[in-house]
Every structure is written in structure tokens, then in C-alpha cells.
Amino acid sequence: MTNMSTDKTPTDLALPDSLDQVRIASLPPAAYYISDFITQKEEEAILDKIASAPKPRWKQLTHRRLQTWPSDLVNNKLIDAPLPPWLNDPIVPRLKSIRSSQDPDSVDLFSDSPHQKPNHVLINEYPPGIGIMPHKDGAAYHPVVCTVSLGASLCLDIYKSKDDGSLEPNPAWRILQEPRSLLITTSDLYTDFLHGIADTTEDVELSESTVANWNLLRSPDNFVGGLNIRKTRTSLTYRDVMKVSKIGGKLGLLQKK
């Protein structure tokens, strides 16, 4: 199998009719993986917009940086504001176009969220060798996470907790995220498990037996030999923040622009 997304147009993307077709079967409920969710031209346009964002938009952490749109959360609440057009289109309409199942009455995965679509995007930039510790996304969000990967591939590690609440030392599963792909996590996988990215320059021992979504990859041949050399990968994490505050309301929140 080869990478066929380079010259694709949006109408050429083979999006599934329903999420049932792209479920990662070896994982607990529920995760879904679409290898070609955006085109290379769309990927490049989004990366250009991220790079040209005003410097105050970037929050610099110790070894990496991020942006939040339309704003940060304060006390688990989001100030009511629209996403910028370049983060809304084409991704949000495309997310809404995919039914949850093949049932004729099936609806999209945000149909029962408070705002019936994502209202918040977290942009994380991961240079080679830099990851993020295992964590849960928490109660501020409706339990559906949609992550679009840009620029490069890496492995997301899924961890179980022990009975005493401590973390198992090794990941229970790995999900390989290719550029232009979409990963959706929801249900038990969202609430009961932790996810993280290892601080490494290489993802190793990649194979059908070690990568949960191997049969859904666009280009498994790219990882023959079981190796992925990390390059800078940018992720767009789309979620619906459940509590939204109007500016000037009771909270009186002030957000930096």
C-alpha cells in the first residue's frame, strides 16, 4: 500500500459512511481511525495558518509549545466565541458528515454533545524527542476527542491504571497516527484509560501485532522494519467544552487575545 493522499482533492477522500467501518477493533470502546481525513493541500494550508499566528497565541512549555482556540479554559469553562474559519472548515463539517453507525437513523458523534459540534481546538507541536505524560482529558469536555495529525507520524500510547490507582509502567496499546489522519476516542477509552506520547526520537517495534490500528493505516509499508523516525508533528484536538460563559456574564472572565 502506498501513500495516495498527496494528490487527492477533498472529493477524492474516501471517507467512511459510518464509524463502524473504521473502528479499531482491538481497543476497548471506542476508537476510530481514518487515515486520509484531509488532503495534503489542506494540511499545508492549516500548518501555514498555525505558523503565522501572532506570537502571543503560542504558550511556551518547557520543551514544546501550544495554541488554544478560541481561548483558554478558565475554571473548566470556555468563553463563547466561534472557531476561526481555518479551524472550522473543512474539518468540523467533515466530522459532522460521518454517522456513528450504519443504522439508517444513526447520527453524528457530536449529536448528543451540548453544542452538537466541537467548540474548542488545542494545537500541540511535538518536536522529535518530545512527548506528553500519560493523562486523561478530564470532565470539562464532552467525552469525544477528535485529533487530526499534521506533518509527521508518531505513536500514541494507551495506559491502564492498577487497582490502587497507580499507572501500569508499559502501555497496553499503541496507536500509530499518520499525517492527515483522524483519530477519534470516546466512551470507556476516554473515561477509563490514560494516553500519552513517549519522549523519543524513534517509534520502534512497529508491526501488526504491536500497533492497534495497523490494518487501518494508509501506508504500513512506510514502517517496514518496525521503525518510525520522528519529525515535528502537530496535532489539532477538537472537543466540545460543556460549559460556556458569555463575555460579561457572572464570571467576568478576561481572556488574552
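All heavy atoms count here, side chains included; hydrogens, waters and symmetry mates do not. Keep in mind that this is a model prediction, so the values were computed, not measured.
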If you group Ile, Leu, Val, Met, Phe, Trp and Tyr by side-chain heavy-atom gaps below 4.5 Å, do [X] and [Y] land in one group?
X	Y	value
Tyr159	Ile197	no
Met242	Tyr190	no
Val204	Leu154	no
Leu87	Phe110	yes
Leu83	Leu109	yes

Got a donor-acceptor contact below 3.5 angstrom from the [X] side chain to the [Y] backbone?
X	Y	answer
Thr200	Glu202	yes
Thr39	Glu42	yes
Tyr126	Ser235	no
Arg180	Val148	no

Checklist entry - Can we say Asp240 and Lys117 salt-bridge, meaning some charged N sits less than 4.0 Å from an Asp/Glu carboxylate O? => result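 Here Asp240 does not pair with Lys117 in a salt bridge, since their nearest N and O are not under 4.0 Å apart.
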Listed partners of [X] passing side-chain contact (heavy atoms from CB on, under 4.5 Å), at least two apart:
X	value
Leu66	Lys59, Leu61, Arg64, Thr68, Leu122, Asn124
Lys160	Glu168, Ala172, Trp173, Phe193
Asp48	none
Asp192	Asp188

Checklist entry - Quick one: ring pair (Phe, Tyr, Trp, His ring centres under 6.0 Å) partners of His142, sequence neighbours excluded? => result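 Partners of His142 by the ring pair (Phe, Tyr, Trp, His ring centres under 6.0 Å) criterion come out as none, since no residue qualifies.
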Any chance the side chains of [X] and [Y] put a donor and an acceptor closer than 3.5 Å?
X	Y	result
Ser153	Arg233	no
Trp58	Gln60	no
Asp108	Ser111	no

Checklist entry - Which heavy atom in His120 sits nearest to a heavy atom in Val241, and how many Å separate them? => result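 Heavy atoms only, the tightest pair is CB-CG2, 3.6 Å.
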Next on the checklist: If I compare all heavy atoms of Ile38 with all of Arg94, which pair ends up nearest, and what's the gap?
Outcome noted: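 So the minimum-distance heavy-atom pair works out to CA-NH1, 3.7 Å.
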First locate atom [atom1] of [X], then atom [atom2] of [Y], and finally report the distance between them rounded to the nearest 0.5 Å.
X	Y	atom1	atom2	result
Thr147	Leu183	OG1	CG	5.5 Å
Tyr33	Ser149	OH	OG	7.0 Å
Trp214	Ser26	CH2	OG	13.5 Å
Asp17	Ser101	CG	OG	11.5 Å
Gln67	Leu236	CD	CG	9.5 Å

Checklist entry - Do the non-hydrogen side-chain atoms of Thr232 and Pro128 ever get within less than 4.5 Å of each other? => result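 Yes. Closest side-chain heavy atoms under 4.5 Å.
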Next on the checklist: Using salt bridge (Lys or Arg N to Asp or Glu O under 4.0 Å), reason through Arg239 and Asp137 one step at a time and then give a plain yes or no.
Outcome noted: CA-CA 10 Å; Arg239 292 172 289 202; Asp137 286 351; 3.1 Å; yes
Checklist entry - Arg174 pairs by side-chain hydrogen bond (donor to acceptor under 3.5 Å, both in side chains) with which of Asp203, Asn213, Thr210? => result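 Result: among Asp203, Asn213, Thr210, Thr210 is the only option passing the side-chain hydrogen bond (donor to acceptor under 3.5 Å, both in side chains) with Arg174.
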Checklist entry - For residues 118-129, which residue pairs qualify under salt bridge (Lys or Arg N to Asp or Glu O under 4.0 Å), counting only residues two or more places apart or in two chains? => result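 Output for this query lists Arg65-Glu125.
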